[in-house]
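For ligands, and for the atoms within them, numbers begin at 1 and follow the listed sequence.
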Amino acid sequence: MIVVMGATGRTGKRVVEGLLRAGEKVRAIGRSEASLAALARAGAEVRVGDSSDAAFLTAAFRGASGAYTLLPYDLRVADYRAQQDRMGEAVVTAVREGGVGHVVALSSVGADQGVGTGPIDSLHAQEARLRKLAGVNVLVLRAGSFFENFFDVLPVIRHQGINADVVEPGRAVPMIGTRDIADAAVTALRARDWKGFVVRELLGPRDLSYDEATRILGERIGQPELPYVKLPPNEMAGALVQGGFSEDLARLYVELAQAINDGRVRSLEGRTPANTTPTRFEDFADELARAYAAM
Ligand SMILES: NC(=O)c1ccc[n+]([C@@H]2O[C@H](COP(=O)([O-])OP(=O)(O)OC[C@H]3O[C@@H](n4cnc5c(N)ncnc54)[C@H](OP(=O)(O)O)[C@@H]3O)[C@@H](O)[C@H]2O)c1
């Protein structure tokens, strides 16, 4: 039995589907029975509850040989770090008390830092908690920035005719489609062939600058001249709050962008065939274009 957190989300859903296809028994965790119904029909056992509730999560993890863990959050979260710490503690309690032998934990490039990287600081703290688990084999997947983040910018493109952020236009960073993360997690959870605490990076097919990503997206939505505009941090934070982010998460988002500009959110492994994943932004841009057309 393999238990999957965030089973209705971007990586988790595909992890569940991939494991089921491979013939594994899967327990899928989410907060709503209705959202989990399709996975139940596909053969997953489902558990409905709040993943920051350690007792719920422990019961859901009990008896599983492997687990896929992540720390999801809501854009409106008032105190991001407190929410992430609470869920992170629940995860390590559930792994320990539930007797899970192998854990694949989603993290991020930049999680080596621990301070000044916005939301990624919480993933650094979670890696530290997981590292302390005795007798558990933990594989941390440090992923690059998700292609899916560009869904959030589609309304800005629609209403203001620009893509905007605080990241320097020409700074190339690892960017990845979440499907590639899920596929790597499925492979690892089936093989369960690592020992102890292991960190692996997943970097997408190549590093991509915001300028280049904006050009590719612009071409795909019929706006080849779509500009990327680098905003001052305060202006960006204000725009994020207007777009529905909590003040806290907007502040952390901008902090992360500045850490990217400072070169502190970077691969430590360097590119290798193992950490270079197949899905290109050019391929993914079709999904963005469909969502843009439907707006
Ligand atoms: N965005 C990036 O560029 C990036 C890069 C590297 C790493 N990461 C990390 O990736 C992780 C997110 O992975 P993902 O994109 O696969 O997840 P996701 O799609 O954001 O969320 C997964 C699921 O978690 C549940 N969820 C959401 N908020 C929750 C909450 N407050 N409490 C409990 N459950 C909640 C939701 O399902 P239900 O509503 O069904 O419960 C959601 O479908 C985060 O830890 C993030 O830091 C992100």
Side-chain angles (χ1 to χ4, degrees), residues 4-18 28-40 44 46-54 56-57 60 68-88 90-91 94 104-112 117-127 130 140-153 165 167 173-186 199-204 208 210 213 245-246 249 252-253 256-257 259-260 265-267 277 281 284:
V4 178
M5 290 180 70
T8 62
R10 295 175 291 197
T11 58
K13 181 163 180 285
R14 190 170 166 103
V15 172
V16 173
E17 291 167 345
I29 299 178
R31 290 170 300 175
S32 135
E33 194 144 13
S35 320
L36 290 164
L39 293 176
V46 304
R47 292 289 174 94
V48 179
D50 182 342
S51 290
S52 55
D53 174 347
F56 161 73
L57 209 59
Y68 177 68
T69 70
L70 73 174
L71 302 182
Y73 56 89
D74 191 302
L75 292 182
R76 291 157 309 211
V77 63
D79 183 340
Y80 177 82
R81 183 58 187 260
Q83 180 269 341
Q84 292 276 286
D85 283 347
R86 208 164 38 246
M87 195 174 288
V91 168
V104 172
L106 178 55
S107 186
S108 174
V109 168
D112 54 296
T117 63
I120 298 178
D121 291 352
S122 296
L123 298 175
H124 173 90
Q126 182 62 0
E127 289 190 12
L130 291 164
V140 168
L141 298 179
R142 284 191 186 156
S145 178
F146 295 175
F147 292 163
E148 281 80 354
N149 296 341
F150 283 87
F151 281 115
D152 298 337
V153 92
D165 209 304
V167 176
V173 294
M175 289 192 203
I176 184 167
T178 57
R179 70 187 66 171
D180 289 351
I181 301 170
D183 292 352
V186 167
V199 175
R200 281 186 205 151
E201 293 180 348
L202 293 172
L203 305 178
L208 206 58
Y210 279 50
F245 280 52
S246 67
L249 194 56
L252 292 169
Y253 183 100
L256 169 55
I260 292 173
V265 178
R266 73 207 183 293
S267 163
T277 56
F281 188 69
F284 182 78

Are the side chain of Gln83 and the backbone of Pro72 linked by a donor-acceptor contact shorter than 3.5 Å?
yes
Between Thr11 and Tyr68, is there a side-chain donor-acceptor contact under 3.5 Å, judged purely by atom types and distance?
yes
Mind jotting down which protein residues get a heavy-atom contact under 4.0 Å with ligand 1? Chain and number order, please.
Gly6, Thr8, Gly9, Arg10, Thr11, Gly30, Arg31, Leu70, Leu71, Pro72, Tyr73, Gln83, Met87, Leu106, Ser107, Ser108, Leu123, Ala143, Gly144, Ser145, Phe146, Asn149
Between Tyr210 and Phe150, how do the two ring planes meet: parallel, tilted or perpendicular, split at 30° and 60°?
tilted
Look at the rings of Phe284 and Phe147 and say which category their plane angle falls in: under 30° parallel, 30 to 60° tilted, over 60° perpendicular.
tilted
Are any non-hydrogen side-chain atoms of Gln126 and Leu130 less than 4.5 angstrom apart?
yes
Are the charged groups of Arg266 and Asp112 less than 4.0 angstrom apart, N to O?
yes
